[in-house]
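Sharing a structure, written as structure tokens. Questions coming.
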Amino acid sequence: MSKIIRITDRDNVAVALEPLCAGESYLGVTLREDVPAGHKFALRDIAEGENVVKYAFPIGHATQPIAAGSWVHTHNVKTNLSGMLEYTYNPHPCAVKVDREATFEGYVREDGRVGIRNEVWIVNTVGCVNGTAKTLEKLACIPTAAPSWARITGTRRSCSPRWSTIPTPAPCSCSASAAKTTM
């Protein structure tokens, strides 16, 4: 499994899936400093004022020049939403080719109808919501604790090991710079 993820080719940052150490190289970029799990690092030089792009959309802008391989976090990025009272999501849908031969993993019920096994994925876009995601995971596994709109029906097997959230970033084991995870 890869230690990093780059969401799209248009992103100028990648995300560490586990603690990364200075000197390691990913996607042709050598890390200049340790990067905690769940945090971003620059894939190329990002100029002061330039947008930081993740998910192919700007998530903020650099408050200072950020060199390729540098840790990208609140010390060098500010959100573009600051001061805004409203935010409107304006997606840019793209055409998707329809595969008429597509299938799905399902089952046939006794009455002939088909069904599927649903999975609920909690995908955090920022590390600060890891605790909330873990709480949702725990509540979903306790049928009486989840609100009626969020209850998972079926057997306790619904909460198999496939339920997972990205854990709170752990300190990097390669140096004493683990204090970064508290920022």
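Numbering of residues begins at 1 and proceeds along the displayed sequence.
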Closest approach of A42 to V13 (non-hydrogen atoms, all atoms of both residues):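 Scanning both residues, the minimum pair turns out to be CA-CG1, 4.3 Å.
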Ignoring hydrogens, what is the shortest heavy-atom contact between H61 and G49? Give both atom names and the distance.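 Nearest heavy atoms, H61 then G49: CB-O, 3.8 Å.
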Do you know which of L20, V15, L17 makes side chain to side chain contact (heavy atoms under 4.5 Å, CB included) with I4?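 For I4, the side chain to side chain contact (heavy atoms under 4.5 Å, CB included) test succeeds with only one of L20, V15, L17, which is L20.
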My understanding is that only residues two or more places apart in sequence, or in another chain, count here; which of them pass side-chain hydrogen bond (donor to acceptor under 3.5 Å, both in side chains) with S25? T30
Please enumerate all residues that pass ring-ring contact (aromatic ring centres under 6.0 Å, His included) together with Y55, with sequence neighbours excluded. none
Could you label the plane-to-plane angle of the H75 and H73 rings as parallel, tilted or perpendicular, counting under 30° as parallel and over 60° as perpendicular? tilted
Could you check if a side-chain atom of V72 sits within less than 4.5 angstrom of a side-chain atom of N12, using non-hydrogen atoms only?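 The answer is no; the side chains never approach within 4.5 Å.
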Taking all atoms of both residues into account, what is the closest heavy-atom pair of A62 and A47, and its distance?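 Closest approach of A62 to A47, heavy atoms only: CB-O, 3.4 Å.
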Let me check something: do L27 and V35 share a hydrophobic cluster, defined by ILVMFWY side-chain heavy atoms less than 4.5 Å apart, either directly or through other members?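 Result: yes, single cluster for both.
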Who pairs with D9 by salt bridge (Lys or Arg N to Asp or Glu O under 4.0 Å), at least two apart in sequence or on another chain? none
Side-chain heavy-atom pair I59, V77 within 4.5 angstrom cut-off: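 No, side chains not in contact.
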Could you tell me whether the side chain of Y26 reaches within less than 4.5 Å of the side chain of L31, counting heavy atoms only?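 Yes, side chains in contact.
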Residue pair S70 / R32: nearest heavy atoms and the distance that separates them: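 Between these two residues, the closest heavy atoms are OG-CD, 3.3 Å.
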Partners meeting side-chain hydrogen bond (donor to acceptor under 3.5 Å, both in side chains) with D11 (sequence neighbours left out):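 Testing D11 for side-chain hydrogen bond (donor to acceptor under 3.5 Å, both in side chains), a comparison that skips the adjacent residues, returns T8.
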State whether the side chain of D45 and the backbone N or O of A67 hold a donor-acceptor pair below 3.5 Å, judged by distance alone. no
Pairs where residues 59-68 contributes a residue and the test salt bridge (Lys or Arg N to Asp or Glu O under 4.0 Å) is met, not counting sequence neighbours: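 Applying salt bridge (Lys or Arg N to Asp or Glu O under 4.0 Å) to every pair that reaches into residues 59-68, excluding sequence neighbours, yields nothing.
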N51: which residues meet the side-chain hydrogen bond (donor to acceptor under 3.5 Å, both in side chains) condition with it, sequence neighbours left out? N80
All salt bridge (Lys or Arg N to Asp or Glu O under 4.0 Å) counterparts of R109, not counting sequence neighbours: none
Using the test side-chain contact (heavy atoms from CB on, under 4.5 Å), find all partners of V108 that sit at least two apart in sequence or belong to another chain.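 V114.
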Set of residues satisfying side-chain contact (heavy atoms from CB on, under 4.5 Å) with respect to T63, sequence neighbours excluded: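 Here the qualifying residues are N76, K78.
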Show every salt bridge (Lys or Arg N to Asp or Glu O under 4.0 Å) that has at least one partner inside residues 50-76, sequence neighbours left out. R44-E50
